[in-house]
Protein chains: 2
Amino acid sequence: MATRSDTTLAERKRQLVAEELRNAALMLLATRGFDAVTVDDIVAIAGMSRRTFFRYFASKEDVVVRFLADMGADVVTELAARPKNEAPSVALRHAIWRPLSGCADQPDHAERSRIVVRLILDTPALHARWLERQIQWRSGLAAELAARHDLDPSTDPYPQMAAGMAMLALDAILQQWRPGDDEHRLAELTDRAFAVVAPALDAGADKRRAVGRAPDLLLAP
Amino acid sequence: MATRSDTTLAERKRQLVAEELRNAALMLLATRGFDAVTVDDIVAIAGMSRRTFFRYFASKEDVVVRFLADMGADVVTELAARPKNEAPSVALRHAIWRPLSGCADQPDHAERSRIVVRLILDTPALHARWLERQIQWRSGLAAELAARHDLDPSTDPYPQMAAGMAMLALDAILQQWRPGDDEHRLAELTDRAFAVVAPALDAGADKRRAVGRAPDLLLAP
DNA sequence: CACTACTTGACACTGAGTGCCATCGATAGC
DNA sequence: GCTATCGATGGCACTCAGTGTCAAGTAGTG
């Protein structure tokens, strides 16, 4: 039996080590830039061996991306918790907002997150891994959306694309996140981003949606 | 002065070498899988040195991704060529369709392309690079869209997100591309994917679009 | 104390990617 | 016809990411 809820002593020790490594990594990467830092540099600061680093993180990119990766699970669970009759644009907007509000409430934690976001968006290698993560979330969101609206995800492109539009909104928000932005400003960015995709999100969720009215189809009707 | 248009002899020789390397690479990668093939394997088949490979391709991923990368430029130029008053959903649909129809007209070339697409979508490392490329196209498309509709891309999230939606559609199309699909089937997939995002594409392009009607905003009006 | 499970560090190894230099072949100028 | 030059190539050595393996240390448990 575990001593407390589900975190054993060993578990907490592991998290401590991981956090130590992450702190050292983020500090170096944010100041010197991604390519100018080697794993040896990181473990030298953290006072551990190179091998230990790779026991905790799958790659150098992983340290950075995982810092924001927990967001993904939050988004999916938040979407699942939204009322079933809610419009997709509203449910997804609140789902995306969940981790953002979590970032924004403590200013120091928010600033740290913002710096990591900038590092990711400005470093091609990190950006690629970040998008890879997003795809996993997208699949989770798509499955949830398909269930909510009783759609077949293997034939209907709506769930995947709706989830993708939520990710586009997230990207747009993070892209415009400026230093010193408070929670109010982030909420404003979120509302604006979702205003763009909302028409598609809400038009497509309905099974009896009107197709074929589109002009100039590649396939003549 | 060049002997013919803009391709010198040396230029054509370079392209020939690149094609030889690409053929060897694609053949091996498609049969054995991405991780099971080393660059040494590739150059052994192509009969060249390891060093030469990296003079033509920036990375192992690059060989595969560049095979489809020329699509990007086509899409942007096609969008620029569409009539200025055309609805965004129509213009973008035809822009995306351009490289797809180019793929689909010769069955053998189409099948080769389809296999490469599957390899990319099924290999995480390749998928990440593929998305990295898409980001570049997205910026190009966004710039073109901003110009078409006289929007300021630094403040208005529409151009970037609209370009992103076009990429989502492209992803959905490629994801559903099955063996033996002819041009007609690809056109059908394209129409269906764009039917999903069209409402947002066409609602957002208009400067005087209605915002604030969205229910349950994060910011109370 | 002995046993077990887990973590760590050290070493060696593969493979990607880069810098450097010697060489070869084609072309231009004498 | 000879040579200087330029670009492409190959070979070599190097850095760095990432992995497998093994020995040692450090808990908890009987």
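Atoms considered below: every heavy atom in the structure, side chains included; atoms not considered: hydrogens, waters and symmetry mates. Order of the sequence lines sets the chain letters (A, B, ...), proteins ahead of strands, with each chain counted from 1.
What separates CG of A:Leu126 from C1' of D:dA17 is a distance of 14 Å, to the nearest Å. The interatomic distance linking A:Asp35 (CG) with D:dA17 (P) rounds to 10 Å, in whole Å.
B:Asp181 has no carboxylate O lying under 4.0 Å from a charged side-chain N of B:Arg114, or vice versa, which leaves the two without a salt bridge. Salt bridge status for A:Arg93 with A:Asp191: present, with a side-chain N to carboxylate O gap under 4.0 Å. B:Lys84 and B:Glu144 are joined by a salt bridge, as a carboxylate oxygen and a charged side-chain nitrogen come within less than 4.0 angstrom of each other.
In this structure, a donor-acceptor pair under 3.5 Å is absent between the side chains of B:Asp171 and A:Gln160. Defined by atom type and a distance below 3.5 Å, a donor-acceptor pair is missing between the side-chain atoms of B:Ser59 and B:Asp62.
Under the 3.5 Å distance criterion, the side-chain polar atoms of A:His127 are left unmatched by any main-chain donor or acceptor of A:Thr123. Between the side chain of B:Arg148 and the backbone N or O of B:Leu79 there is at least one donor-acceptor pair closer than 3.5 Å. Judged by distance alone, the side chain of A:Tyr158 and the main-chain N or O of A:Ala142 form no donor-acceptor pair under 3.5 Å.
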Checklist entry - What string of B, S and - do you get for nucleotides 3-18 of chain C, 5' to 3', if B is base contact, S is sugar-phosphate-only contact and - is no contact with any protein heavy atom under 4.0 Å? => result ----SBBB----SBBB
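Between its two ends, the helix from C:dC1-D:dG30 to C:dC30-D:dG1 turns its axis by 10°, counting five pairs per end and rounding to 10 degrees.
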